[in-house]
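Letters A, B, ... are given to chains in the order of the sequence lines, protein chains preceding strands, and every chain is numbered from 1.
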2 protein chains.
Amino acid sequence: MDDATDLREAGLRVTAARLAILEAVRAGDHSDAEHIARDVRAKVGHVSTQAVYDALHALTGARLLRRIEPAGSAARYEARVGDNHHHLVCRRCGAVADTDCVVGLAPCLVPSDTHGFTVDEAEVVFWGVCPQCQVGSGDPRGDGAAKRAP
Amino acid sequence: MDDATDLREAGLRVTAARLAILEAVRAGDHSDAEHIARDVRAKVGHVSTQAVYDALHALTGARLLRRIEPAGSAARYEARVGDNHHHLVCRRCGAVADTDCVVGLAPCLVPSDTHGFTVDEAEVVFWGVCPQCQVGSGDPRGDGAAKRAP
DNA sequence: TCCTTTTCTTGAGTCACTCCAGTTTGTGTA
DNA sequence: TACACAAACTGGAGTGACTCAAGAAAAGGA
């Protein structure tokens with residue numbers, strides 16, 4: 001798969017910044033905007049934070065990236081799109097891991113009572129403690145699920 | 001059930017503000033902090049925003065309230081605690097509705113691969129469109145999820 | 001190569017909290 | 001009832017994560 005082609009097919013222009021963002025998201029593991037911006041800058045030099053947000057929005061809109069937002073932390077981005085998978089989030093350090101959908105198709109679950117809503121997606125977040133934090137048993141970063149410390 | 005007793009049992013002091021907050025959360029349907037603060041002020045006169053946040057934290061910590069945070073909107077609070085239910089969220093106006101858990105006990109789902117995480121809760125959010133928004137097909141101006149544009 | 005449209009930059013602004021230090025108040029004890 | 005003290009509250013400042021706006025730069029079709 002070629003990023004430039006993907007961008008063009010989505011009707012977006014191909015720029016070094018976007019290519020770098022796509023690459024950074026793929027390399028990073030559910031990175032947040034700040035993290036991605038840092039990676040991109042390391043690759044292509046100066047890129048403004050706003051440009052990163054803008055690109056992230058465009059890429060998310062074009063379904064080239066997926067945005068997830070676990071409660072209590074900033075938005076994260078991942079390159080795994082097109083399938084309907086869910087996430088494991090660590091309550092202590094905020095680490096995120098993918099886990100496959102139990103059912104396969106969205107919405108993979110049906111609520112017991114829809115209250116008249118037309119449901120098109122079921123988002124499942126599994127809260128728990130990651131292996132690293134289990135080992136370090138104490139709170140490795142104090143701040144709970146807040147800001148993420150890799 | 002008596003709110004004052006609940007507070008005392010949780011080791012919290014009983015104040016007019018806290019009682020009003022509990023009542024406001026119960027009356028409102030998944031209100032956010034701003035909303036709750038307004039209701040509380042209407043009831044007991046002046047209460048600072050910080051006092052509201054502080055009380056909301058204390059009450060959430062004491063399991064008298066539950067905090068939910070749908071992506072893209074501010075934290076909401078609800079008084080239904082103790083059971084493991086899930087939420088329906090409207091993509092247009094941000095309205096939130098409860099739906100019972102299909103299983104009953106947390107975690108009601110088990111991920112296909114835990115990646116070593118010890119999972120204690122599965123949070124399920126069903127995204128869709130509420131009845132009002134289906135009818136008005138535009139944005140009805142729900143009290144809203146604030147910033148989520150259609 | 002030119003021109004249009006999209007992207008990016010700089011800078012200011014907003015929202016939803018959080019932190020801090022000092023004051024007030026609810027409660028258990030005397 | 002009075003008192004002491006920790007919990008609760010106040011006002012103000014600060015922070016992180018974005019969002020908005022306007023002008024400059026770059027991509028890509030003609």
Qualifying salt bridge (Lys or Arg N to Asp or Glu O under 4.0 Å) pairs, either residue in residues 35-62 of chain B, two or more places apart: B:E23-B:K43
Interatomic distance where CZ belongs to A:R67 and C1' belongs to D:dT19 [whole Å]: 12 Å
Atom-to-atom span, NE2 of B:H35 to P of C:dA16 - whole angstrom: 12 Å
Note: B:R26-B:D3 ion pair, threshold 4.0 Å (strictly below): yes
For B:C90 against B:C130, the heavy-atom pair lying closest together: SG-N, 3.4 Å
Phosphate-side-chain proximity, B:R18 and D:dC9, N/O vs OP1/OP2 below 4.0 Å: yes
Transitive ILVMFWY cluster of A:L56, excluding itself - 4.5 Å side-chain cut-off: A:L7, A:L12, A:V14, A:L19, A:I21, A:L22, A:V25, A:I36, A:V40, A:V44, A:V47, A:V52, A:L59, A:L64, A:L65, A:Y77
B:D32 CG to C:dA16 C1', straight-line distance once rounded to whole Å: 10 Å
Sugar-phosphate only, base, or nothing, as touched by A:A33 at under 4.0 Å among non-hydrogen atoms: nothing
Contact summary for A:A122 and A:H86, nearest pair of heavy atoms: O-CE1, 3.5 Å
Contact summary for B:A71 and B:W127, nearest pair of heavy atoms: O-CH2, 3.6 Å
Between P of C:dT25 and CG of B:L7, the distance in whole Å: 19 Å
Ion pair check, B:R91 and A:D120, cut-off under 4.0 Å: yes
Stretch residues 8-15 of chain A: residues that reach within less than 4.0 Å of DNA chain D through a heavy atom: A:R8, A:R13, A:V14
SB check B:R80 B:D100 (cutoff 4.0 Å): yes
Axis-to-axis angle between the two ends of the helix from C:dT1-D:dA30 to C:dA30-D:dT1 (five base pairs per end, rounded to 10 degrees): 30°
For the student: nearest non-hydrogen atoms of A:Y53 and A:A33, plus distance: CE2-CB, 3.5 Å
Nucleotide C:dC15, atom P - distance to CD of B:E69 in whole Å: 18 Å
Main-chain N/O of A:R76 paired with A:E69 side-chain donor or acceptor, under 3.5 Å: no
Stepwise side-chain hydrogen bond (donor to acceptor under 3.5 Å, both in side chains) check, A:H115 with B:D98: CA-CA 8 Å; A:H115 290 272; B:D98 287 336; over 6 Å; no
Nucleic acid contacts - residues 37-46 of chain B versus DNA chain C, non-hydrogen atoms under 4.0 Å: none
Proximity to DNA chain D (any heavy atom under 4.0 Å), residues of residues 49-63 of chain A only: A:Q50, A:Y53, A:H57
Whether A:E123 side chain and B:F126 backbone form a donor-acceptor pair below 3.5 Å: no
Verdict with supporting geometry, B:E78 and B:H85, side-chain hydrogen bond (donor to acceptor under 3.5 Å, both in side chains): CA-CA 11 Å; B:E78 63 178 350; B:H85 68 278; 3.1 Å; yes
